[in-house]
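The structure displayed is predicted, hence computed values, not measured ones.
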Amino acid sequence: KEFLRTNTSLEIIDRGAWFYARKAPGKNRADADAPGAAIAFRADMDALPIDEGTALPWHSRTRGVAHKCGHDGHCAALCGLALLLEEREVTRPVCLIFQCAEEIGEGAKLCVPELRKLGVSRIYAFHNLSAWPEGALIYRRGLTQPASCGLRFCFAGRACHASEPEKGVSPALACAKLTERAAALSSAPGEALALCTVVGVKVGGGDFGVSPGDGTVSLTLRAASEAALANMDRTLSNAACDLAAQYGLTVERSCHDRFPETRNETRALDAVLSAAEALGVPTREMPEMWRASEDFGCFTHEIPGAIFYLGSGENHPPLHSKDYDFNDALLPIAAELFFALAGSGTK
């Protein structure tokens with residue numbers, strides 16, 4: 001916010017956990033605030049609970065927290081777009097969204113009501129992507145990232161002395177069988193993706209004198225559609241209830257980090273590809289969706305839009321790893337692409 005206030009004349013609207021900057025058309029335009037005329041560009045700005053792996057001059061000031069997904073670069077690219085917007089008048093409102101909490105699927109949903117009020121008719125975003133040629137624009141038509149959620153099943157029985165397990169009610173077998181059933185749900189990647197990843201199993205505290213009375217199974221579900229995700233959730237929840245009844249346990253289910261499916265709208269993506277061609281940015285089509293989740297789908301459920309990716313380099317450290325750092329060579333490419341899209345027609 002300070003950078004934008006110092007270097008641009010954009011209006012800044014603070015919404016607490018997130019904010020946006022707005023450039024309005026010239027005051028001589030009668031349609032300056034015409035409904036449906038605005039265009040938006042989104043950057044996410046949250047970090048991850050990961051230590052810095054290298055001694056960077058711009059390293060995180062907070063121990064155990066670092067930008068290991070490149071969201072700092074996404075924000076820097078929007079600041080670059082803001083500088084470019086200073087150079088010319090725009091024919092419609094342009095909104096720069098600095099969104100919180102993408103990593104847990106909570107941020108975009110905070111922004112959507114505001115964008116409705118602003119009459120945003122098109123929204124764009126990009127993400128950096130390792131293992132792809134540096135500076136190439138990577139895209140996919142239709143479904144580009146899956147729906148996902150985290151499920152946690154907490155079984156409760158009765159602990160007892162390890163020498164008399166018959167006097168207790170252990171959740172060990174229920175946890176083992178639920179884990180097995182979860183693994184059997186997964187199918188091959190592709191348009192019919194159904195993926196269940198076991199991310200944690202804990203039964204008791206490992207004390208050799210105690211037969212445990214509690215156990216937890218944590219799972220991440222991914223599917224090509226929210227309907228398919230709901231079916232997986234229902235199947236596992238029913239299985240957990242059946243296992244609890246079979247072994248004399250109680251079970252509590254909780255859902256975390258829910259993400260929608262993300263689909264690119266055809267005309268919005270075509271505009272991205274046209275901008276790339278005009279700027280001489282090479283493009284590569286993704287044969288399969290990127291299996292990581294992205295809450296940009298909250299926007300595209302409500303507003304036509306597209307998300308594209310910029311290659312960080314084929315040997316660039318992977319996202320969410322301690323050695324990762326955003327490739328600054330992508331900043332001018334992203335800013336220029338956004339600038340070209342800001343100047344394109346609304347239809």
Side-chain angles (χ1 to χ4, degrees), residues 17 44-50 64-71 99-112 127 143-156 171-172 174-189 192-204 214-244 249-263 289-301 307 318-321:
D44 35 18
M45 59 182 179
D46 49 341
L48 289 162
I50 300 174
V65 179
H67 277 290
K68 295 302 180 182
C69 201
H71 296 186
Q99 177 210 307
C100 63
E102 186 280 328
E103 292 287 355
I104 57 171
E106 295 295 327
K109 65 179 72 171
L110 298 176
C111 307
V112 167
H127 205 293
L143 179 66
T144 190
Q145 293 182 246
S148 75
C149 70
L151 290 183
R152 183 166 290 130
F153 296 97
C154 297
F155 293 96
C175 288
K177 290 189 175 182
L178 183 62
T179 301
E180 185 177 40
R181 292 188 189 186
L185 276 182
S186 295
S187 67
L193 172 74
L195 183 64
C196 183
T197 305
V198 179
V199 297
V201 180
K202 180 174 171 56
V203 179
D214 58 84
T216 301
V217 178
S218 301
L219 311 162
T220 299
L221 310 185
R222 299 184 192 279
S225 70
E226 285 151 69
L229 190 75
N231 284 335
M232 294 173 71
D233 183 343
R234 192 159 40 247
T235 297
L236 287 166
S237 297
N238 289 340
C241 288
D242 290 345
L243 288 165
L249 306 160
T250 61
V251 63
E252 291 186 1
R253 168 197 169 280
S254 58
C255 182
H256 310 264
D257 297 7
R258 183 173 287 276
F259 289 83
E261 63 199 77
T262 297
R263 293 181 180 272
M289 77 177 92
W290 183 21
R291 280 197 263 168
S293 298
E294 164 63 68
D295 77 353
F296 189 70
C298 291
F299 294 116
T300 54
H301 273 359
I307 185 169
L319 299 169
H320 291 215
S321 71

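- Looking only at distances, a side-chain donor or acceptor of S186 sits under 3.5 Å from a matching main-chain atom of C196.
- Summarising the geometry, atom CD belonging to E106 is positioned 10.5 Å from atom CD belonging to Q99; distances are rounded to the nearest 0.5 Å.
- Among pairs with a residue in residues 175-184, none fulfils salt bridge (Lys or Arg N to Asp or Glu O under 4.0 Å), at least two apart in sequence or across chains.
- Residues passing the side chain to side chain donor-acceptor pair (under 3.5 Å) test with H127: none are found, sequence neighbours excluded.
- The two residues M232 and A194 make their nearest non-hydrogen contact at SD-CB, 4.0 Å.
- Taken to the nearest 0.5 Å, the SG atom of C241 stands 11.0 Å off from the CG atom of L236.
- Closest heavy-atom contact between A244 and V251: CB-CG1, 3.9 Å.
- The side-chain contact (heavy atoms from CB on, under 4.5 Å) check on C149 picks up L151, L221, L229, C255, R258, with sequence neighbours excluded.
- Here the closest non-hydrogen pair linking F153 and L219 is CE1-CD1, 4.0 Å.
- The CG atom of L178 sits 11.0 Å away from the OG1 atom of T216 when rounded to the nearest 0.5 Å.
- Shortest non-hydrogen contact noted between C298 and V112 is O-CG2, 3.7 Å.
- Judged by distance alone, with hydrogens and angles left aside, the side-chain atoms of D257 form no donor-acceptor pair with the main-chain N or O of G150 at under 3.5 Å.
- Under the side-chain contact (heavy atoms from CB on, under 4.5 Å) criterion, A47 pairs with V65, H67, sequence neighbours left out.
- For the atom pair CG (L185) and OG1 (T197), the distance works out to 11.5 Å, reported to the nearest 0.5 Å.
- The two residues C100 and L110 have their closest heavy-atom pair at SG-CD1, 3.9 Å.
- Within the 3.5 Å criterion, the main-chain N or O of H71 finds no donor-acceptor partner in the side chain of D44.
- D214 pairs by the side-chain contact (heavy atoms from CB on, under 4.5 Å) definition with nothing, not counting sequence neighbours.
- For the pair P171 and G215, the tightest heavy-atom approach, listed with the atom from each and the gap, is CG-N, 3.5 Å.
- How far CE of M289 is from CG of L143: 4.0 Å, rounded to the nearest 0.5 Å.
- Scored by the side-chain contact (heavy atoms from CB on, under 4.5 Å) test, D242 finds no partners at all (sequence neighbours excluded).
- Looking at heavy atoms from C-beta onward, H320 lies in side-chain contact with C69 at the 4.5 angstrom threshold.
- With H301 as reference, E226 is the one residue of R263, K109, E226 to meet the side chain to side chain donor-acceptor pair (under 3.5 Å) rule.
- Between S148 atom OG and D295 atom CG the span is 10.0 Å, to the nearest 0.5 Å.
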Test log, rule side-chain contact (heavy atoms from CB on, under 4.5 Å), inputs D233 and R253: CA-CA 10 Å; D233 183 343; R253 168 197 169 280; 2.7 Å; yes
side-chain contact (heavy atoms from CB on, under 4.5 Å) evaluation trace for F296 with T144: CA-CA 11 Å; F296 189 70; T144 190; over 6 Å; no
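- Screening R222, E102, E103 for a side chain to side chain donor-acceptor pair (under 3.5 Å) involving S293 leaves a single residue, R222.
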